[in-house]
Structures are given as C-alpha cells and as structure tokens.
Amino acid sequence: MISRRVLHYGIDELFWECLTSSKRESSTVEYTHSEKSTETQDEEFKRLLFPPRGHPVSRQDSLDKWYQIVRQYSGLKLTCQGDKLPGLSGIASRVEELTNDSYLAGLWKADLHNGLLWFSDGPAEIPKDYRAPSWSWACLDSSVDQLFDSTTERTHSTYDADIIET
C-alpha cells in the first residue's frame, strides 16, 4: 500500500506504476484505471504520504485519509489478529511525520477528541489476547467507523471533555 513503485505481474504482461505514471509492458500508452477503483484510491493515498516537493499536504487531509484506511482495514479478516496495529505501523510512521503528531494505539494525540468517537460497524469480538487499550478501535475484531470526520457537519464546535494526560 505504501510502496512508491509497484510491479504487477498480470497473466499476459507486466504493469509498472509509481507516483507519477503507470505503464504496461505491451504499450507505450499510459495504463489508466476507473475513477472509483481501489488503485485510484491507493494512488491518492500515496500522494498524501509522499507529496511532491513544494506541495505540502494539510494535517486534516492526512487524518481524513488515516480514518478512511482504518475503516477499510478494521474490517479485514487478518490471519493473525495480533498483527492489527503492526500492519499499519509503516503508514502510521509516515502520517506521524506529516502531521508532527503522536500516535496512540491507532489514534492521534492532537485529534484524540475525534479519534475516540469510533464505533463498531458490525459484529464485534473481543480478542482473548491483549492487543490495544479499550479506548482504541484496535481492541476489537470488528469493522469500525468514525462518528465525525472533516466532511461531517457538526451541530456544535466545542467538546464537553478535556484530555488531561496521554
């Protein structure tokens, strides 16, 4: 997901892609995908993780993409459920660099008010082995969603909670 360059081995030919282009073995014409394809979403995400020089990415764009990845990733059936957080560690490290924020078991310190507003979006199981604190979405084997993101219209802008210590 976070590789800057990817080589796809197809049945009849090879496809190569990077952040700026994608090519196929049989043609000099650039390989394109549909607007809603997973590949297009991956390209968007890679551009957020590795923005071109002189084109910084906003903190909010990085967090919105993070929550989108969490929504998709949390619903996956991992072979080893203990890999839930380690599987995201490379992406988390990069988002940490881009946002200059602290990573807390799948959430972000400066966005903790929003990050804590997750909910299980389907059947949930509590794993028998400890994986994450109970306030983290990663503590469950379940698909999760966020109550709010930057596209959600809010009825108020203040919180009735204070984060005392992390």
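- The line from CG of Leu116 to CD of Gln146 is 9.0 Å long, rounded to the nearest 0.5 Å.
- Glu13 pairs by the side chain to side chain donor-acceptor pair (under 3.5 Å) definition with Ser26, not counting sequence neighbours.
- Donor-acceptor pairing under 3.5 Å is lacking for the side chains of Asp64 and Gln68.
- A donor-acceptor pair is defined here as one N or O able to donate and one able to accept, closer than 3.5 Å; such a pair exists between the side chain of Ser74 and the backbone of Val144.
- With sequence neighbours left out, the side chain to side chain donor-acceptor pair (under 3.5 Å) criterion links Ser58 to Asp61.
- Of all heavy-atom pairs between Leu107 and Gly115, the closest is CD2-O, 3.3 Å.
- Considering only residues two or more places apart in sequence or on other chains, Ser142 meets the side chain to side chain donor-acceptor pair (under 3.5 Å) condition with Ser120.
- Remark: Asp101 pairs with no residue by the side chain to side chain donor-acceptor pair (under 3.5 Å) rule, at least two apart or across chains.
- Considering CG of Asp145 and CH2 of Trp118, their distance stands at 11.5 Å, rounded to 0.5 Å.
- The CG atom of Leu117 lies 16.0 Å from the CH2 atom of Trp137; values are rounded to the nearest 0.5 Å.
- Taken to the nearest 0.5 Å, the CD1 atom of Ile69 stands 9.5 Å off from the CZ atom of Arg71.
- Screening residues 71-103 for ring pair (Phe, Tyr, Trp, His ring centres under 6.0 Å), with sequence neighbours left out, gives Trp66-Tyr103, Tyr103-Trp108.
- Interatomic distance, CG of Asp111 versus CD of Gln60, reported as 6.5 Å (0.5 Å rounding).
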Listing, residues 122-135 side-chain donor-acceptor contacts under 3.5 Å, not counting sequence neighbours, or none:
from, atom 1, to, atom 2, distance (Å)
Arg131, NE, Ala138, O, 2.6
Arg131, NH1, Gln81, O, 2.8
Arg131, NH1, Asp141, OD1, 3.0
Arg131, NH2, Ala138, O, 3.3
Arg131, NH2, Leu140, O, 3.1
Arg131, NH2, Asp141, OD1, 2.6

